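What follows is one structure encoded as structure tokens, with my remarks underneath.
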Number of protein chains: 2
Amino acid sequence: MREILGVMKALADENRLRIVAALHGRELCLCQIVELLGLANSTVSRHMSILYQARIVQSRKDGRWSYFRLAEQDATPAALDAVSLVLQSLQQDGKIRADAQRLKQILRVDPEILCQRRSESPC
Amino acid sequence: MREILGVMKALADENRLRIVAALHGRELCLCQIVELLGLANSTVSRHMSILYQARIVQSRKDGRWSYFRLAEQDATPAALDAVSLVLQSLQQDGKIRADAQRLKQILRVDPEILCQRRSESPC
DNA sequence: ATATCATTTCGTCATTTCGCGAACGGACGA
DNA sequence: TCGTCCGTTCGCGAAATGACGAAATGATAT
């Protein structure tokens, strides 16, 4: 019960669904997700923690950066099924499509520069 | 987005998961669910409304009684998949097993008597 | 060693959600 | 018609959730 409930709660938030969709087939660092969603980095960090505790994402640290990706071998079956269901449902969603476009732009920028730019010019 | 988000939110509550599990392969009236969960009928009615709006359950009125069952032809694919995922995950859950046992007792009682008993003796 | 940078944690606030009882509405039966 | 009954809706208080900024943490570079 606790397991499936945690998974469902983790996926019962619009911003976390956007994060899951953005991580589909990709690995992103926190500042990239922050840039995509336009939320405070503390907020995004909290979202990632919730997704992590539900075994939906894995994290990896490289120096100062934390990279996140969808869990695969480490995920529970419930989490895997829920994620693929979500991904399928969001395939044609407008907001998710817009995120994908915007993500292309973000990925063109070196993360190093991306993070610094954030503190300089709060677009 | 709205659709899948509604489904996930509807299933991100322990009592609603218990309701979904109880409705597996069965049709129940509100007072039976009230008896099973031990919550106020207004609260259960609210839960059913949330599940209904997410297209997870269907409802049917027969006289004074409202009967609920898991949606099938009327459900969206996302809702169907989510429900089967939840049912599978809860198959071996202790609390759900206990509910199933208790439900057997409840189903032995005529609903007519069950509802009346509620107002007489608040166990 | 110190400064800087990306991330996490903490404290706080606004909003949402969940629970209940009371009031309301529709349906049955006397 | 009137009372009773099941269910829904409304209004409220308590608890959970999501957002932010500030402070703390951990790692890198000067």
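As the structure is a prediction and not an experimental result, all values here were calculated from the model. Residue numbering restarts at 1 for every chain, and letters A, B, ... go by the order of the sequence lines.
The nearest heavy atom of DNA chain D to N15(A) and to D62(A) marks one nucleotide each, and the one closer to the 5' end goes with N15(A).
Closest approach to the N41(A) side chain among dT8(C), dT17(D), dA27(D) is made by dT8(C) (side chain taken as heavy atoms from C-beta onward). The listed nucleotides are dG19(C), dT8(C), dC6(D); the one nearest the side chain of L30(A) is dT8(C). For L39(B), taking side-chain heavy atoms from C-beta onward, the closest of the listed nucleotides dT8(C), dC18(C), dC20(C) is dC20(C). When distances are taken from the side chain of S66(B) to each of dT28(D), dT17(C), dT8(D), the shortest belongs to dT8(D). Ranking dC28(C), dT8(C), dG21(C) by closeness to the A40(B) side chain, first place goes to dG21(C). Considering only the side chain of R64(B), dC5(D) comes nearest among dC5(D), dG19(C), dC18(C).
Protein atom CH2 of W65(A) is 8 Å distant from nucleotide atom P of dA29(D), rounded to whole Å. Whole-Å rounding puts the E14(B) CD to dT17(C) P distance at 18 Å. Here the C1' atom of nucleotide dT17(D) and the CG atom of L11(A) are 16 Å apart, to the nearest Å. Here dG26(C) presents its P atom at 21 Å from CZ of R60(B), a figure rounded to the nearest Å. Rounded to an integer number of Å, the gap from NE2 of H47(A) to P of dA19(D) is 4 Å. Rounded to a whole Å, the CD atom of Q53(B) is 12 Å from the P atom of dT8(D). The separation between K61(A) atom NZ and dC5(C) atom P is 18 Å, rounded to whole Å. Distance L37(A) CG to dA19(D) P: 9 Å, rounded to the nearest Å.
Here the shortest heavy-atom pairing between A12(B) and L5(A) reads C-CD1, 3.8 Å. Residue Y52(B) comes nearest to V57(B) through the heavy atom pair CD1-O, 3.5 Å, listed as atom of the first residue, atom of the second, then distance. For H24(A) against L87(A), the heavy-atom pair with the smallest separation is ND1-CD1, 3.3 Å.
Put simply, K9(B) has a side-chain N or O that comes within less than 4.0 Å of OP1 or OP2 on dT17(C). The phosphate of dC20(D) (OP1 or OP2) has no side-chain N or O of R46(A) nearer than 4.0 angstrom.
For T43(A) against dG18(D), a side-chain-to-base donor-acceptor contact under 3.5 Å is absent. Taking only distance into account, the side chain of S42(A) meets the base of dG21(D) through a donor-acceptor pair shorter than 3.5 Å.
Within the nucleic acid shown, Y52(B) has no heavy atom closer than 4.0 Å to any nucleic acid atom.
Ion pairing of E27(B) with R60(B) is present here, as a side-chain N (NZ or NE/NH1/NH2) and a carboxylate O approach within less than 4.0 Å.
In the model, Q105(B) has a side-chain atom that pairs as donor or acceptor with a side-chain atom of R108(B) under 3.5 Å.
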